[in-house]
Trainee: 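Encoded as structure tokens, here's the structure I'll be asking about.
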Amino acid sequence: MPDSGIHINIRETINSGQVFLWENYDDRWFVVDGHDIIIANQTPFEVLTFSKRSKNFFRQDDNYGKILKEITKDKIVKKSAIHYPGLRITRQDPFQCCISFIISSNSNIPNIRMRLQKLCRKFGTKVRFQKRDFFLFPEPKRLADATVQELNECKLGYRSKYVLDASRTIASGEIDLEELKKMKYDQAKELLLEISGIGDKVADCIMLFSLEKLDAFPLDTWTLKILQKYYSDIFCIDKKTISKKRYEDVHQKIIERFGKYAGYSQQFLYKMERDLNEKKWL
DNA sequence: TACTAACCTGTACG
DNA sequence: ACGTACAGGTTAG
């Protein structure tokens with residue numbers, strides 16, 4: 001059963017920390033997604049692409065009703081789901097998603113966005129679409145051929161070498177992100193963790209937002225805070241960070257608690273807690 | 001295995 | 001104005 005627009009809130013979905021390269025003009029949303037641009041209109045609901053290929057960027061093909069029914073068994077998630085109807089997980093270009101979250105480490109959303117924009121302007125292709133100019137996200141090969149010096153000009157800081165490493169690993173085919181889509185969570189994660197700059201949290205973001213792993217539940221400062229605040233009876237989290245071993249243990253418990261669509265639960269909880277603390281989405 | 005410090009950079013706040 | 005703290009973490013020791 002395909003989703004109609006009423007089950008997709010474009011504004012809230014884009015403003016939930018999963019996608020960074022977007023612009024809002026005249027009530028329409030433009031999202032740079034790899035070598036393509038998504039244009040989304042809320043009412044009447046319509047999603048088009050620059051490439052003219054059909055893409056379910058908002059995961060319109062998910063059975064949203066079924067997923068909601070599953071994840072709202074949890075009262076806190078239910079509260080958030082009522083407050084944010086139509087909040088979705090996006091299906092992003094894997095390479096862009098990968099670089100986006102490598103860049104996100106120890107940083108904030110406006111800063112991540114700025115760096116990605118600089119990467120696009122410096123290495124991406126300029127295109128004209130709907131009477132506006134856009135820079136597409138650079139291909140893996142283009143970034144693999146860049147120098148640390150050039151990447152530093154995009155203000156990546158110490159992350160420049162990570163971006164280079166990841167781009168080379170992917171451009172060479174050593175790791176094929178499309179192949180990871182077909183794998184189970186554990187197997188895909190193991191491969192992602194081989195790339196320097198990708199730890200547990202970043203790997204989970206990449207898998208949830210671009211590799212079809214709805215059971216991925218990124219554990220960052222916010223979600224850990226959420227587990228402490230609302231689920232102290234189930235999860236014994238005392239610090240701001242957790243060790244690798246603990247991360248795996250907690251993820252296992254997360255699946256037991258929230259089910260196979262735990263990633264969706266995470267998005268609702270994350271959105272709610274960030275808004276509660278009046279954090280910026282841009 | 002668990003724990004810490006160091007890390008680039010822009011922005012917010014005093 | 002100018003210093004300091006902090007941000008969707010990861011790595012090295």
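Each chain gets a letter, A, B and so on, in the order its sequence line appears, and its residues count up from 1.
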Trainee: Please find the pair of heavy atoms, one from A:A216 and one from A:D204, that lie closest to each other, and give the distance.
Mentor: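 Reported closest heavy-atom pair: CB-O, 3.5 Å.
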Trainee: Sequence neighbours excluded and cut-off under 3.5 Å, please list the side-chain donor-acceptor pairs for residues 249-259 of chain A, or say none.
Mentor:
from: A:H251; atom 1: NE2; to: A:D215; atom 2: O; distance (Å): 2.9
from: A:R257; atom 1: NE; to: A:D74; atom 2: OD1; distance (Å): 3.0
from: A:R257; atom 1: NH2; to: A:D74; atom 2: OD1; distance (Å): 2.5

Trainee: Pick from A:R91, A:K181, A:K182: which one makes a salt bridge (charged side-chain N to carboxylate O under 4.0 Å, His left out) with A:E212?
Mentor: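 Among the candidates, only A:R91 passes.
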Trainee: Below 4.0 angstrom, which residues in residues 145-157 of chain A have at least one non-hydrogen atom near DNA chain C?
Mentor: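 Result for residues 145-157 of chain A: none.
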Trainee: Roughly how far, to the nearest 0.5 Å, is the OG atom of A:S104 from the CG atom of A:L116?
Mentor: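 So the CG of A:L116 and the OG of A:S104 are separated by 9.5 Å.
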Trainee: Using the P atom as the point on both nucleotides, what is the distance between B:dC13 and C:dG8, in whole Å?
Mentor: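 After rounding to an integer number of Å, I get 14 Å for this pair.
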Trainee: Once ring-ring contact (aromatic ring centres under 6.0 Å, His included) is applied, do any residues pair with A:H35, and if so which ones, sequence neighbours excluded?
Mentor: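 Residues passing ring-ring contact (aromatic ring centres under 6.0 Å, His included) with A:H35: none at all.
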Trainee: Please produce a list of atom pairs where a protein N or O lies less than 3.5 Å from an N or O of nucleotides 12-14 of chain B.
Mentor:
from: B:dA12; atom 1: OP1; to: A:K280; atom 2: NZ; distance (Å): 3.4

Trainee: Do other residues, nucleotides or ligands put more than 12 heavy atoms under 6.0 Å from A:R11 CZ?
Mentor: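 It does not: A:R11 CZ has 12 such atoms or fewer within range.
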Trainee: Atom pairs, N/O to N/O, protein against nucleotides 1-3 of chain B, distance under 3.5 Å?
Mentor:
from: B:dA2; atom 1: OP2; to: A:S243; atom 2: OG; distance (Å): 3.4
from: B:dC3; atom 1: OP1; to: A:K239; atom 2: NZ; distance (Å): 3.3

Trainee: Side chain of A:N277, backbone of A:K279: donor and acceptor closer than 3.5 Å?
Mentor: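 No, A:N277 side chain to A:K279 backbone: no donor-acceptor pair under 3.5 Å.
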Trainee: So, A:Y84 and A:D275: side-chain donor and acceptor under 3.5 Å apart, yes or no?
Mentor: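 Indeed, the side chains of A:Y84 and A:D275 share at least one donor-acceptor pair under 3.5 Å.
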Trainee: Using the heavy-atom set of chain A and a strict 4.0 Å cut-off, write down the first and last nucleotide of DNA chain C that makes it in, 5' to 3'.
Mentor: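 Listed 5' to 3', the contact boundaries are C:dA7 to C:dT11.
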Trainee: For B:dC8 versus C:dG13, give the span between their P atoms, rounded off to a whole number of Å.
Mentor: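 It comes out at 14 Å once rounded to the nearest Å.
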Trainee: Are any side-chain N or O atoms of A:D93 and backbone N or O atoms of A:C97, one a donor and one an acceptor, separated by less than 3.5 Å?
Mentor: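 A pair under 3.5 Å: no.
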Trainee: Given that A:Y162 and A:S104 both sit by DNA chain C, which one's nearest nucleotide is further toward the 5' end?
Mentor: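 The 5'-side residue here is A:S104.
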Trainee: Show me the pairs that pass ring pair (Phe, Tyr, Trp, His ring centres under 6.0 Å) and involve residues 115-135 of chain A, at least two apart or across chains.
Mentor: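 Only A:F30-A:F134, A:F50-A:F129 qualify under ring pair (Phe, Tyr, Trp, His ring centres under 6.0 Å).
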Trainee: Within the distance-only criterion (no hydrogens, no angle test), does the side chain of A:Q18 pair as donor or acceptor with the backbone N or O of A:T90 below 3.5 angstrom?
Mentor: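 Yes; judged by distance alone, with no hydrogens or angles, the pair exists.
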Trainee: Where along residues 106-117 of chain A does a heavy atom come under 4.0 Å from DNA chain B, residue by residue in number order?
Mentor: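 Close to the strand are A:N106, A:N108, A:N111, A:M114, A:R115.
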Trainee: Heavy-atom contacts under 4.0 Å between residues 193-202 of chain A and DNA chain C, which residues?
Mentor: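 Result for residues 193-202 of chain A: A:I195, A:S196, A:G197, A:I198, A:G199, A:D200, A:K201, A:V202, sorted by number.
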Trainee: Is the terminal nitrogen or CZ of A:R113 (NZ for Lys, CZ for Arg) located under 6.0 angstrom from the six-membered ring centre of A:W22 and within 45° of that ring's axis?
Mentor: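 Verdict for A:W22: a cation-pi partner in A:R113.
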Trainee: Given 3.5 Å as the limit, does a donor-acceptor pair link the side chain of A:R159 with the main chain of A:L156, or not?
Mentor: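 Yes, the answer is positive, given that a donor and an acceptor are paired below the 3.5 Å cut-off.
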Trainee: What is the minimum heavy-atom distance between A:D233 and A:Y230, and which atoms define it?
Mentor: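 Result for this residue pair: OD1-O, 4.2 Å.
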Trainee: Between atom NZ in A:K118 and atom C1' in B:dC8, what is the gap in whole Å?
Mentor: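 Those two atoms, NZ and C1', are 14 Å apart.
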Trainee: Expressed in whole Å, how much space separates the C1' atoms belonging to B:dA6 and C:dA5?
Mentor: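 Roughly 16 Å separates the two C1' atoms.
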Trainee: Hunt down any stem DNA chain C takes part in, defined as 3 or more consecutive Watson-Crick or G-U pairs whose two distances are each under 3.5 Å.
Mentor: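 Correct response: B:3-7 with C:9-13, B:9-14 with C:2-7.
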Trainee: Using a strict cut-off of less than 4.0 Å between a Lys/Arg side-chain nitrogen and an Asp/Glu carboxylate oxygen, indicate whether A:K244 and A:D200 qualify as a salt bridge.
Mentor: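 A salt bridge links A:K244 with A:D200.
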Trainee: Describe the nucleic acid contact of A:S16 in one word from base, sugar-phosphate, nothing, applying a heavy-atom distance below 4.0 Å.
Mentor: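 It contacts base atoms.
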Trainee: At under 4.0 Å between heavy atoms, what does A:Q266 touch on the DNA or RNA strands: base, sugar-phosphate, or nothing?
Mentor: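 Base contact.
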Trainee: How long is the line joining OH of A:Y158 and C1' of B:dC7, in whole Å?
Mentor: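 The answer, rounded to whole Å, is 6 Å.
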Trainee: Return the set of residues passing ring-ring contact (aromatic ring centres under 6.0 Å, His included) with A:Y261 (not counting sequence neighbours), or none when no residue passes.
Mentor: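 ring-ring contact (aromatic ring centres under 6.0 Å, His included) list for A:Y261, sorted by chain: empty.
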Trainee: What I want to find out is whether A:D26 reaches A:R132 closely enough, with some N-O distance under 4.0 Å, to be called a salt bridge.
Mentor: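 A salt bridge links A:D26 with A:R132.
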Trainee: Please identify each residue that fulfils ring-ring contact (aromatic ring centres under 6.0 Å, His included) with A:Y264, with sequence neighbours left out.
Mentor: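 A:Y264: no ring-ring contact (aromatic ring centres under 6.0 Å, His included) contacts found.
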Trainee: Looking just at side-chain N and O atoms, do A:R28 and A:Q130 make a donor-acceptor pair shorter than 3.5 Å?
Mentor: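 Yes, side-chain donor-acceptor contact under 3.5 Å.
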Trainee: Kindly check if the number of other-residue, nucleotide or ligand heavy atoms within 6.0 Å of CZ (A:R53) is above 12?
Mentor: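 Atom CZ in A:R53 is not packed in, count stays at 12 or less.
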Trainee: Can you name the nearest heavy-atom pair linking A:S80 to A:F268, along with the distance?
Mentor: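 That would be OG-O, 2.7 Å.
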